[in-house]
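The first residue in the sequence is number 1, and the count goes up from there.
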Amino acid sequence: MSRPAGRLTRWWRRRSLRTRLTVIAATAIAVSVFVAFQVAIELLDRELQDTARNQLRADSRVLATNAERSGLAQVPLPPYPGSGGLVRVVLPDGSTRTPAGQPALPAVSEAAGRVARGASADLMESTGSDDDGYLVYTLRAGDGAVQAARVADGSQNNRFGWGMLLIGLVCVAGGALVGRTVARAGLAPIDRLTAAAVRVAHTRDLDADIPDEGGGEIRRLIRSINDMLAALRESRQAQRLLAEDAAHELKTPLTSLRLNAELLIRLDRRGTLDSALPPESRTRLLNDLGAQVAELSTLAAELTDLARGDVSDESTEVLDLADVVVAAATRARSRVPDIEVALDVTSVWVSGRPAALQRAVLNLVDNAGKWSPADQPVGVRLRAEGAWAVLEVDDAGPGIDAADVPRVFDRFYRADSARALPGSGLGLSIVQRVVDAHGGRVTVARSPRGGALLRVDLPAAVRQPENSAPS
């Protein structure tokens with residue numbers, strides 16, 4: 001791109017949409033007027049040429065008729081009146097006769113001479129330029145010819161051209177004015193939309209929707225922005241609830257941890273730590289501190305995982321869900337050695353994020369392990385049902401009360417019967433978020449063993465080749 005073109009492009013990009021529409025409208029009208037001007041000039045010129053030729057033919061026929069009756073040498077030629085058509089008689093010897101006072105015509109051309117000698121019947125020719133010449137019609141008459149001529153005059157075309165130019169300028173100016181007005185009226189909803197968006201950006205008030213006005217693209221744009229504002233409101237509300245819930249849930253373990261730590265510090269400063277705390281009490285206190293730190297670490301990890309929502313750098317891949325389930329069960333056994341997991345899994349391929357899915361399965365197994373009696377394993381089953389991969393995790397515990405079922409997947413919700421058990425109330429919320437992000441669903445029911453049964457349905461993927469399947 002040349003430098004002038006680059007400057008023009010930068011100038012155009014800096015113009016407002018209203019200015020662009022005005023320039024486009026004026027340019028369109030100018031091009032239309034120019035095209036109309038050219039077409040009109042061409043049509044007018046052809047019409048004038050046809051009229052002039054017809055008039056010359058008529059004048060020549062009249063003069064030829066008179067010459068046939070009187071002879072070329074005696075045909076009367078009235079004096080030239082000072083304006084109008086020109087005539088001339090070409091005699092057999094090549095000489096000419098013209099009316100008295102008539103301006104001199106160009107010499108008889110060779111082609112016209114051949115008409116006079118009988119080589120052809122007539123001839124229409126132009127001499128000189130379009131603005132300083134003659135249109136001459138030669139007609140065979142008797143032993144010679146008669147000619148009718150007219151001065152080539154472009155004044156009519158020139159006057160018409162100037163008139164069209166003036167009209168074009170007026171049309172371009174009017175088009176620019178109309179384009180400006182139409183652009184202002186058409187962009188008024190966008191101006192109000194921009195003002196509303198600026199107001200939201202400055203005040204951070206997401207509660208005021210932008211009035212739905214206009215039609216077509218404007219209405220769709222306004223609705224899209226209102227939908228975006230609604231999503232932002234929901235996100236802000238979710239963040240507020242998350243912060244409030246997190247503060248509430250962190251308060252108890254932090255208070256207990258602080259009290260225990262202050263007790264140890266105070267006894268240590270007094271030098272009475274060994275005497276005030278017997279070994280059994282000290283061990284119990286340290287175990288409490290370790291459990292509280294572990295609870296805080298788990299809560300912080302779950303809060304971080306939940307706050308990230310569906311945003312993850314982990315890529316989606318086609319994987320065997322059986323591998324994920326087995327890995328999650330292995331992690332659960334390593335974290336809680338007393339937990340027993342009974343696996344019954346078959347290979348089912350799904351499209352998903354391995355770490356997120358493993359976290360969801362681990363939370364299901366951990367949740368079931370809290371309730372399952374020591375002599376009863378946590379049941380984990382995986383199978384394919386049609387186009388779905390079905391994962392079921394159940395326990396032999398007391399089950400979930402019917403009143404708690406609607407809220408079992410709410411963040412930080414813990415049933416009254418679970419208050420004494422470790423946990424943050426975030427595990428099942430994370431499970432639901434992961435399952436939703438993978439296009440699946442999670443439900444809760446009663447296990448045949450009397451405890452809770454949580455079922456996860458995920459869309460199955462196309463099975464991978466046998467050589468890529470796990471052994």
Between Gln432 and Asp436, is there a side-chain heavy-atom distance shorter than 4.5 Å?
yes
Contact check, side chains of Leu454 and Glu392, non-hydrogen atoms, under 4.5 Å
no
Taking C-beta and beyond as the side chain, do Leu321 and Leu458 meet within less than 4.5 Å on heavy atoms?
yes
Evaluate the side-chain proximity of Arg359 to Val434: yes if any heavy-atom separation is below 4.5 Å, no if none is.
no
Can you tell me if Asn54 uses its side chain to pair, donor with acceptor, with the backbone of Asp50 under 3.5 Å?
yes
Which residues pass the side-chain hydrogen bond (donor to acceptor under 3.5 Å, both in side chains) test with Arg441, sequence neighbours left out?
none
Report yes if the side chains of Glu340 and Gln376 come closer than 4.5 Å at any heavy-atom pair, otherwise no.
no
Applying side-chain contact (heavy atoms from CB on, under 4.5 Å), can you list everything that pairs with Glu317, at least two apart in sequence or on another chain?
Leu319, Pro354
Backbone N/O of Ser347 and side chain of Asp320: donor-acceptor pair under 3.5 Å
no
Name all residues meeting the salt bridge (charged side-chain N to carboxylate O under 4.0 Å, His left out) criterion together with Asp394; count only those two or more places apart in sequence or in a different chain, and write none if there are none.
Arg381, Arg449
Test log, rule side chain to side chain contact (heavy atoms under 4.5 Å, CB included), inputs Leu357 and His438
CA-CA 9 Å; Leu357 289 173; His438 286 76; 3.7 Å; yes
side-chain contact (heavy atoms from CB on, under 4.5 Å) test vs Leu391 passes for just one of Val442, Val380, Val345, namely Val380
For Leu382 and Val348: C-alpha separation, side-chain torsions, deciding distance, then whether side chain to side chain contact (heavy atoms under 4.5 Å, CB included) applies.
CA-CA 8 Å; Leu382 175 64; Val348 185; 4.3 Å; yes
What's the verdict on side chain to side chain contact (heavy atoms under 4.5 Å, CB included) for Tyr137 and Asp122, showing C-alpha distance, side-chain angles and the deciding distance?
CA-CA 7 Å; Tyr137 179 70; Asp122 63 354; 2.7 Å; yes
Applying side chain to side chain contact (heavy atoms under 4.5 Å, CB included), run through Arg383 and Glu385 and close with a yes or a no.
CA-CA 7 Å; Arg383 64 184 183 276; Glu385 284 189 4; 2.8 Å; yes
Mind checking the CG-CD1 spacing from Leu364 to Ile430? Nearest 0.5 Å is all I need.
11.0 Å
Rounded distance [0.5 Å steps], CZ in Arg353 versus OG1 in Thr316
5.5 Å
Would you say the side chain of Gln55 lies within less than 4.5 Å of the side chain of Thr51, judging by non-hydrogen atoms?
no
Applying side-chain hydrogen bond (donor to acceptor under 3.5 Å, both in side chains), can you list everything that pairs with Asp457, at least two apart in sequence or on another chain?
Arg455
For Glu125, the side-chain hydrogen bond (donor to acceptor under 3.5 Å, both in side chains) test, sequence neighbours excluded, returns Ser109
Heavy-atom check, side chain of Gln49 versus side chain of Leu135, under 4.5 Å:
yes
With the threshold set at 4.0 Å, does a side-chain nitrogen-carboxylate oxygen contact exist between Arg258 and Glu262?
yes
Could you pull out all residues at least two apart from Asp344 that satisfy side-chain hydrogen bond (donor to acceptor under 3.5 Å, both in side chains)?
none
